[in-house]
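Notes to accompany the following structure.
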Number of protein chains: 2
Amino acid sequence: MPKHSQNTTRKRRALPKAERRNQLIKATIKCIAKKGLAATTMADITNEAELSVGIVNLHFKTKELLLIETLRFIADEYKEGFDQIFASNNMQDLEKLKAIIDYDFSPRIINRNKLAVWFAFLGEVKARPIYQKICAQHDDEINHEICKLFSSLLSEKTKRKNDVELITSAYSALTDGLWLDILLSPQRSTVNAARNAAWQYVSGLLD
Amino acid sequence: MPKHSQNTTRKRRALPKAERRNQLIKATIKCIAKKGLAATTMADITNEAELSVGIVNLHFKTKELLLIETLRFIADEYKEGFDQIFASNNMQDLEKLKAIIDYDFSPRIINRNKLAVWFAFLGEVKARPIYQKICAQHDDEINHEICKLFSSLLSEKTKRKNDVELITSAYSALTDGLWLDILLSPQRSTVNAARNAAWQYVSGLLD
DNA sequence: CAAATGAATGAATGATCATTCATTATGGAC
DNA sequence: GTCCATAATGAATGATCATTCATTCATTTG
């Protein structure tokens, strides 16, 4: 009685390595969102993926390595979309900033499942420096881009009164904090309120 | 060979319940900061407290209940200091806001150990709603007070242009995000930069 | 088609851990 | 001083879980 029978026994199939890895990573995200990082077992993950328990060993060697790849997946996915916006050359700087804010609260990238995974790993950062490392490089690059954007957008007067680097880190912190709000409050309205709050902060700097 | 002998065997002592509970909670905080929530075992905690493994059962019934009380401890501790500032009646509103910002980045309350615990629990919120509940009530009360403060401090012009509730939630999110920065970056300088960023946001609203 | 390859399985293993509870120690009460 | 209530101990228990690997199965190659 195979678990994944529908009516008739489904045949097991060999898939390309990359596809299996993605399948397992997606199952891991779902499980962490549902049960938390601490309570997620290998059996949970392989059940969710409708595969056998031994498969993780085959594709990731250990649970810890699967977790690391899962975090990397989410970090890369975010960074990729971010880079796309920045690389675009049919947008003015202000449009880019608007696009980033929209992106930061778009459901495909930022939803409660992914935020749950994100914050689950961040919560373990002090104990597992590897998690911090995975986030740090992207973060630095992102902050650098945002800083350049503010530099070109803000008036001389504003820049004389405020430190641009400080504005950048406040902006990043604001975004992180708003994400946390979304994770913590199940209402859908939070996402819109969060986007508005981010935009209010930015527009306050611009005029 | 008792673990906690120094030179001669130390006698075990019966302490008032409340003291033992605090001792265990403090040990739990240390362990979570050092090993992470997922990897912290009962043996870790009772070793740290230099007590026997059975003691948690005696004072908290289960590990889960000890964890819940630990989160509650940190939340209550923060709220208590916050209330003290707000209850003071020899401070103007602006002074109060300054005092809150100083408080939010004072090492006694906000340090990497306590932040590690804080975010470790937040990371599990989606899976364990009880953690969310413990934080939510305090958060609501705090936001309410901050909102009142902004209402009285901001000019009519600013209030006409911006929604005070949105400003409040941006302020809270900013603080949360800056705390996350402190947890993530081991440099001591981060704390001062964070305080400055928070203050810059507020002073930008005031003039 | 037969043989070879290697992807996938899942029962078995052994390690880790929370919890239990019979026993021991402690500090009042009298 | 001797009892007694109860705080504290820690070896033992049983449950959970990551990992292993001999076996099974699908696909490819010759």
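Note that the structure is predicted; figures quoted are calculated from it, not measured.
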Any B:Ser52 side-chain N or O less than 4.0 Å from OP1/OP2 of D:dT9: yes
A:Glu95/A:Lys98 salt bridge by N-O under 4.0 Å criterion: no
Distance, rounded to the nearest Å, where B:Glu19 contributes CD and C:dG27 contributes P: 13 Å
Separation of C:dA8 P from A:Arg21 CZ (nearest whole Å): 13 Å
Which residues share a ring pair (Phe, Tyr, Trp, His ring centres under 6.0 Å) with B:Phe119, sequence neighbours left out: none
Strand-adjacent residues in residues 58-67 of chain A, judged by heavy atoms under 4.0 Å from DNA chain D: A:Thr62, A:Lys63
With sequence neighbours excluded, residues passing side-chain contact (heavy atoms from CB on, under 4.5 Å) with B:Thr190: B:Asp181, B:Ile182, B:Ser185, B:Gln187
Short side-chain N/O contact to D:dA7 OP1/OP2 from B:Arg20, under 4.0 Å: no
By ring pair (Phe, Tyr, Trp, His ring centres under 6.0 Å) - contacts of A:Phe60 (at least two apart): none
B:Ile55 CD1 to C:dT24 C1', straight-line distance once rounded to whole Å: 14 Å
A:Lys79, NZ: over 12 other non-hydrogen atoms inside 6.0 angstrom: yes
Short side-chain N/O contact to C:dT19 OP1/OP2 from B:Asn57, under 4.0 Å: no
Separation of atom NZ in A:Lys35 from atom P in D:dT16, rounded to whole Å: 11 Å
Candidate list A:Ile29, A:Thr28, A:Ile68, test side chain to side chain contact (heavy atoms under 4.5 Å, CB included), partner A:Phe73, passing option: A:Ile29
A:Asp44 side chain to A:Thr41 backbone, donor-acceptor under 3.5 Å: yes
Interface residues of residues 116-128 of chain B with DNA chain C (non-hydrogen, below 4.0 angstrom): none
Sugar-phosphate only, base, or nothing, as touched by B:Thr40 at under 4.0 Å among non-hydrogen atoms: sugar-phosphate
Distance, rounded to the nearest Å, where B:Leu51 contributes CG and D:dG10 contributes P: 10 Å
Interatomic distance where CG belongs to B:Leu24 and P belongs to C:dT19 [whole Å]: 14 Å
Got a list of side-chain donor-acceptor pairs under 3.5 Å for residues 173-180 of chain B, not counting sequence neighbours?
from: B:Thr175; atom 1: OG1; to: B:Tyr171; atom 2: O; distance (Å): 3.0
from: B:Trp179; atom 1: NE1; to: B:Asp104; atom 2: O; distance (Å): 2.9

Candidates D:dA11, D:dA7, C:dA8 - which lies nearest the side chain of B:Val53: D:dA11
Candidates C:dT19, C:dA8, C:dG10 - which lies nearest the side chain of B:Met42: C:dT19
Donor-acceptor under 3.5 Å (B:Gln132 side chain, B:Lys126 main chain): no
